[in-house]
Colleague: 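Below is the structure I would like to discuss, written out as structure tokens.
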Amino acid sequence: MSAVPVAVLAATKVWWYVSRSSGIVAWALAVLAVLWGLALSSRALGRRPPAPWLLDIHRFLGGLTVVFVAVHMASLVLDPWVSFGAVDLFVPGAASWSPVAVAWGVVALYLLVAVEVTSLLRNRIPKRLWRGVHLTSYAVYVLATVHLLTAGTDRHGLLLRAAVVASLGAIAFFVVYRAVGPGRAASIRGSRPPGRRDASV
């Protein structure tokens, strides 16, 4: 095979590699966002209310997740090997390629956007509404993980599977720690001292 066809073939696979890598990074960021939020709300990072910059890290991770999800979706549209359009990316079950596997990711996308939008509007909406929507972050993690393991090209990789198992264990630990740990009372009350931002997740 001549050098030119090889170069052309490699160029056409660029977006495939971008979609794979950006999808994995988006999933990892979502995991970190959930874990960081749990660490804050369970008081695992300290008994006192966390410093504002600690909460900013949680928000930054969530925002960065959205960015990489957008890159993941754009690269799917640009990938010439698989035909993805707006309907495939935004309507669950509409994709011609692995419709069920893709649908998990579509639903996760909508929940992720809802979490991020309500977080930006937190001071303008009822706290109960914000809290209820924010709790769907766990559903985002579950749906994104199922999407990763059913649609992801790298789903059979040992390293990726180990990362999924580790994330499940870490999230389960923090959920239990939040329920029975030192921060349980504050988490149940959902209260915050005057002038401090609540880190409940």
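Since we're looking at a predicted model, the values are computed, not measured. The figures here come from the full heavy-atom set of this structure, side chains too, leaving out hydrogens, waters and symmetry mates.
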Colleague: Give a yes or no on whether Leu35 and Leu135 share a hydrophobic cluster (residues Ile, Leu, Val, Met, Phe, Trp, Tyr; joining criterion: side-chain heavy atoms under 4.5 Å apart).
Modeller: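 Yes, because Leu35 and Leu135 connect within a single hydrophobic cluster, where side-chain heavy atoms sit under 4.5 Å apart.
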Colleague: Show me the pairs that pass side-chain hydrogen bond (donor to acceptor under 3.5 Å, both in side chains) and involve residues 141-153, at least two apart or across chains.
Modeller: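 For residues 141-153, and leaving out neighbouring residues, the side-chain hydrogen bond (donor to acceptor under 3.5 Å, both in side chains) pairs sorted by first residue read Trp27-Thr145, Tyr141-Ser167.
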Colleague: Where do Val18 and Ser75 come nearest, in terms of heavy atoms and distance?
Modeller: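 Closest approach of Val18 to Ser75: CG1-CB, 3.7 Å.
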Colleague: Of all heavy-atom pairs between Arg161 and Arg155, which one has the smallest distance, and what is that distance?
Modeller: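 That closest heavy-atom pairing would be NE-O, 3.1 Å.
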Colleague: Rounded at 0.5 Å granularity, tell me how far CG in Leu148 sits from CG in Leu143.
Modeller: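 Separation between the atoms: 12.5 Å.
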Colleague: Does Val77 belong to the same Ile/Leu/Val/Met/Phe/Trp/Tyr cluster as Val91, with side-chain heavy atoms less than 4.5 Å apart forming each link?
Modeller: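 No; Val91 is not reachable from Val77 via cluster members.
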Colleague: Do Phe60 and Leu64 come close enough that some side-chain heavy atom pair is under 4.5 Å?
Modeller: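 When only atoms from C-beta onward are counted, Leu64 and Phe60 do touch, with a gap below 4.5 Å.
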Colleague: Roughly how far, to the nearest 0.5 Å, is CH2 of Trp36 from CG of Leu55?
Modeller: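 Here the interatomic distance stands at 10.5 Å.
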Colleague: State which residues pass side chain to side chain contact (heavy atoms under 4.5 Å, CB included) with Leu129; sequence neighbours excluded, sorted by chain then number.
Modeller: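 So Leu129 forms a side chain to side chain contact (heavy atoms under 4.5 Å, CB included) with Ile125, Pro126, Val133.
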Colleague: Pairs of donor and acceptor atoms involving the side chains of residues 103-117, under 3.5 Å and at least two apart or interchain, shall be tabulated with distances.
Modeller:
unit_1	atom_1	unit_2	atom_2	d
Tyr110	OH	Phe90	O	2.4

Colleague: Search all heavy atoms of Asp88 against all heavy atoms of Ala94 and return the closest pair with its distance.
Modeller: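 Shortest heavy-atom contact: OD1-O, 3.3 Å.
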Colleague: Step by step, work out the side chain to side chain contact (heavy atoms under 4.5 Å, CB included) result for Arg59 and Arg122.
Modeller: CA-CA 12 Å; Arg59 292 172 173 171; Arg122 181 177 177 182; 3.8 Å; yes
Colleague: Enumerate, atom names and distances included, each donor-acceptor pair closer than 3.5 Å involving a side-chain atom of residues 65-73, sequence neighbours excluded.
Modeller:
unit_1	atom_1	unit_2	atom_2	d
Thr65	OG1	Ala30	N	3.4
Thr65	OG1	Leu61	O	2.7
His72	ND1	Ser19	O	2.7

Colleague: Can you name the closest pair of heavy atoms from Leu76 and Phe84 and give their distance?
Modeller: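 Minimum heavy-atom contact is O-CB, 3.8 Å.
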Colleague: Going by salt bridge (Lys or Arg N to Asp or Glu O under 4.0 Å), name the residues that satisfy it together with Arg20, two or more places apart in sequence or in a different chain.
Modeller: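 Partners of Arg20 by the salt bridge (Lys or Arg N to Asp or Glu O under 4.0 Å) criterion, ordered by chain and then number, come out as Asp154.
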Colleague: Which heavy-atom pair separates Ser96 from Pro99 by the least distance, and what is that distance?
Modeller: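 Of all heavy-atom pairs spanning Ser96 and Pro99, the closest is O-CD, 4.2 Å.
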Colleague: Which residues pass the side chain to side chain contact (heavy atoms under 4.5 Å, CB included) test with Val165, sequence neighbours left out?
Modeller: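 Checked Val165 against side chain to side chain contact (heavy atoms under 4.5 Å, CB included); zero matches.
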Colleague: Anything under 30° is parallel, anything over 60° is perpendicular, the rest tilted; go ahead and classify Tyr177 against Phe174.
Modeller: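 Answer is perpendicular, since the angle exceeds 60°.
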Colleague: Walk me through it: do Val175 and Arg178 pass the test side chain to side chain contact (heavy atoms under 4.5 Å, CB included)?
Modeller: CA-CA 5 Å; Val175 168; Arg178 180 178 180 177; 5.8 Å; no
Colleague: What distance do His156 atom NE2 and Leu149 atom CG have between them, rounded to the nearest 0.5 Å?
Modeller: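 Here the interatomic distance stands at 10.0 Å.
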Colleague: Would you compute the distance between atom CH2 of Trp15 and atom CG of Leu78 and round it to the nearest 0.5 angstrom?
Modeller: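 The distance works out to 5.0 Å.
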